[in-house]
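Have a look at the structure below, then the notes.
These values consider heavy atoms only, across backbone and side chains, with no hydrogens, waters or symmetry-generated copies. Note that this is a predicted model, so its numbers are computed, not measured.
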There are 2 protein chains.
Amino acid sequence: MRLVIARCQVDYAGRLTAHLPMATRLIMVKNDGSVLVHSDGGSYKPLNWMSPPARLREGVTEDGRVEWTVHGKDGPDGDTLRILVDEVLSDSSHDLGLDPGLQKDGVEKHLQELLADHPGTLAPGLTLVRREYPTAIGPVDLLCRDDRGSCVAVEVKRRGDIDGVEQLTRYLELLNRDSTLCLNGSVRGIFAAQEIRPQARVLATD
Amino acid sequence: MRLVIARCQVDYAGRLTAHLPMATRLIMVKNDGSVLVHSDGGSYKPLNWMSPPARLREGVTEDGRVEWTVHGKDGPDGDTLRILVDEVLSDSSHDLGLDPGLQKDGVEKHLQELLADHPGTLAPGLTLVRREYPTAIGPVDLLCRDDRGSCVAVEVKRRGDIDGVEQLTRYLELLNRDSTLCLNGSVRGIFAAQEIRPQARVLATD
DNA sequence: GCCTAGGTCCCGTTA
DNA sequence: TAACGGGGCCTAGGC
């Protein structure tokens with residue numbers, strides 16, 4: 001990994017165009033060729049970048065200024081990052097080796113597993129039929145039966161937003177066309193989320 | 001901005017938990033307190049991070065090892081990043097100053113402006129009534145009239161996905177209840193996108 | 001290989 | 001301020 005602190009101006013041209021005026025920034029060059037331009041603030045997202053695989057070429061403009069050109073996977077025809085380097089304040093390289101990688105836990109899948117093990121917490125007497133019940137428009141997170149034998153479709157989300165409610169509505173419409181599922185009355189839906197947005201709540205009660 | 005190359009182990013606990021085994025990495029500390037842990041590959045996203053505002057405290061564990069603790073906006077009760085520093089290979093600080101910021105061009109808004117100026121490209125004889133036509137559930141991107149005087153609602157997207165079609169469907173349902181708009185027949189919808197996903201196409205023709 | 005859904009999403013804009 | 005919608009989204013999983 002190469003770390004360069006430099007006064008620079010950056011121009012990206014690709015799916016959109018973006019321009020960064022001349023200022024002092026960090027330019028990070030990873031050994032897969034990817035380039036990240038960071039300022040001293042903001043969040044984890046760089047101001048401008050090039051995703052791997054990429055290639056950095058150091059050149060000089062007609063009027064003698066240092067210019068770095070970074071091409072993406074499609075080469076000179078695809079996304080391009082032009083970095084005009086005015087002054088280099090620091091330039092260092094470091095051998096980091098391969099990273100063993102990240103281990104995560106606690107996202108939506110985990111939430112779904114918990115609810116699959118304890119469907120009774122959603123509604124009394126609820127029992128699991130199966131997880132990821134397949135339909136023509138995608139899998140229903142949890143298909144359950146209540147104490148009266150009626151089917152209940154459960155949509156699990158970390159954040160309850162309007163499109164989640166619509167997703168559940170689509171499933172319900174489809175499932176209710178299946179006569180084998182609505183033997184004991186129509187299929188109901190439960191929207192389970194850690195957080196429900198107001199717009200979603202309005203639509204859900206509709 | 002402080003740049004540290006170090007052999008370290010990182011643990012995040014917050015909305016989820018994540019663990020990074022001991023390895024050599026770049027630790028970037030920005031002057032708003034945010035911390036980014038990068039490996040020498042992957043994409044622009046750090047392996048682990050803490051968003052601003054954040055505070056870094058350098059401490060020592062019971063058994064005498066160096067441990068950095070980063071707390072997020074909610075302090076010790078909220079998100080926490082624990083960095084066990086085994087060996088520091090490089091440690092440098094740089095004054096970057098404020099960044100003038102990024103200028104973008106060419107995203108959805110720009111596409112909408114282009115279509116507003118040339119509605120005829122969507123359908124022959126189409127003329128613009130207004131952009132961002134307000135409704136109870138949000139603004140319609142473009143409201144137009146065709147050559148027979150019927151209203152046409154246009155939803156503009158860079159990528160045509162299923163939720164865009166549903167958004168347009170909601171608008172159409174609402175607009176068709178407005179008698180002043182459907183004087184010359186019902187309100188039609190046009191879904192304009194640079195790219196249409198197959199799932200969206202299926203729903204749209206439904 | 002494409003396509004879909006989720007994210008410690010981030011981020012701007014607006015009510 | 002909170003919420004909603006877009007993103008050069010990125011990334012993992014399914015078909």
Side-chain angles (χ1 to χ4, degrees), chain A residues 11-18 34 36-37 42-52 54 70 72-74 78-81 101-102 104-112 132 134 137-139 141 155-164 167 193-202, chain B residues 10-18 34-37 42-52 54 70 72-74 78-81 101-102 104-112 132 134 137-139 141 155-164 167 193-202:
Chain A
D11 288 275
Y12 165 77
R15 272 161 284 190
L16 56 68
T17 63
S34 60
L36 287 68
V37 180
S43 76
Y44 70 67
K45 195 175 177 181
L47 294 167
N48 239 326
W49 72 93
M50 182 62 68
S51 303
V70 187
K73 61 174 163 47
D74 298 326
D79 296 10
T80 303
L81 204 61
L102 186 68
K104 282 190 186 184
D105 188 17
V107 269
E108 184 192 306
K109 190 192 286 188
H110 196 236
L111 196 65
Q112 193 193 112
E132 302 286 347
I137 55 171
D141 286 346
E155 175 66 29
V156 181
K157 281 263 177 290
R158 204 176 58 81
R159 262 176 37 180
D161 229 327
I162 192 166
D163 49 353
Q167 194 175 343
Q194 291 182 300
E195 183 190 350
I196 305 270
R197 299 287 177 141
Q199 204 185 46
R201 187 181 295 276
V202 170
Chain B
V10 186
D11 288 278
Y12 165 78
R15 274 160 284 191
L16 56 69
T17 63
S34 60
V35 176
L36 286 68
V37 180
S43 74
Y44 70 66
K45 195 176 177 180
L47 294 167
N48 238 327
W49 72 94
M50 181 64 67
S51 301
V70 187
K73 61 173 162 50
D74 298 325
D79 296 10
T80 303
L81 203 62
L102 186 68
K104 281 190 188 186
D105 187 18
V107 270
E108 185 193 306
K109 190 192 288 188
H110 196 235
L111 196 63
Q112 193 194 111
E132 302 287 345
I137 54 170
D141 285 346
E155 175 65 28
V156 181
K157 282 264 176 288
R158 203 177 56 82
R159 261 175 36 181
D161 228 326
I162 193 163
D163 50 352
Q167 195 176 341
Q194 291 183 300
E195 182 190 350
I196 305 271
R197 299 284 176 147
Q199 204 185 45
R201 187 180 296 277
V202 171

Rounding to a whole Å, what distance do you find between [X]:[atom1] and [N]:[atom2]?
X: B:Trp49; N: C:dG7; atom1: CH2; atom2: C1'; value: 8 Å
X: B:Asn48; N: D:dC10; atom1: CG; atom2: C1'; value: 16 Å
X: B:Gln167; N: D:dG5; atom1: CD; atom2: P; value: 6 Å
X: B:Leu111; N: D:dG7; atom1: CG; atom2: P; value: 9 Å
X: A:Leu102; N: C:dC9; atom1: CG; atom2: P; value: 14 Å
X: B:Lys104; N: C:dG12; atom1: NZ; atom2: C1'; value: 9 Å
X: B:Tyr12; N: C:dC9; atom1: OH; atom2: P; value: 7 Å
X: A:Leu16; N: C:dC11; atom1: CG; atom2: P; value: 15 Å

Does a side-chain N or O from [X] land closer than 4.0 Å to OP1 or OP2 of [N], or not?
X: B:Arg15; N: C:dG7; answer: no
X: B:Lys45; N: D:dT11; answer: no
X: B:Ser43; N: D:dT11; answer: yes

Nearest heavy-atom pair of [X] and [Y]: which atoms, and what distance?
X: A:Leu81; Y: A:Tyr12; value: CD1-CB, 3.6 Å
X: A:Gly14; Y: A:Asp79; value: CA-OD1, 3.6 Å
X: A:Ser43; Y: B:Pro52; value: CA-CD, 4.3 Å
X: B:Glu155; Y: B:Asp141; value: OE2-OD2, 3.3 Å

Given [options], which nucleotide is nearest the side-chain atoms of [X]?
X: A:Tyr44; options: D:dC10, C:dC9, D:dG6; result: C:dC9
X: A:Met50; options: D:dG8, D:dG5, C:dT8; result: D:dG8
X: A:Glu155; options: D:dC9, C:dG6, C:dT8; result: C:dG6
X: B:Ser51; options: C:dT8, D:dG8, C:dC10; result: C:dC10

Evaluate the side-chain proximity of B:Leu47 to B:Val10: yes if any heavy-atom separation is below 4.5 Å, no if none is. no

Return whichever of B:Gly42 or A:Leu47 has its heavy-atom-nearest nucleotide of DNA chain D closer to the 5' end. A:Leu47

Rounded to whole angstrom, note down the P distance from C:dC11 over to D:dT11. 16 Å

Who does D:dG8 pair with, Watson-Crick or G-U, both distances under 3.5 Å? none

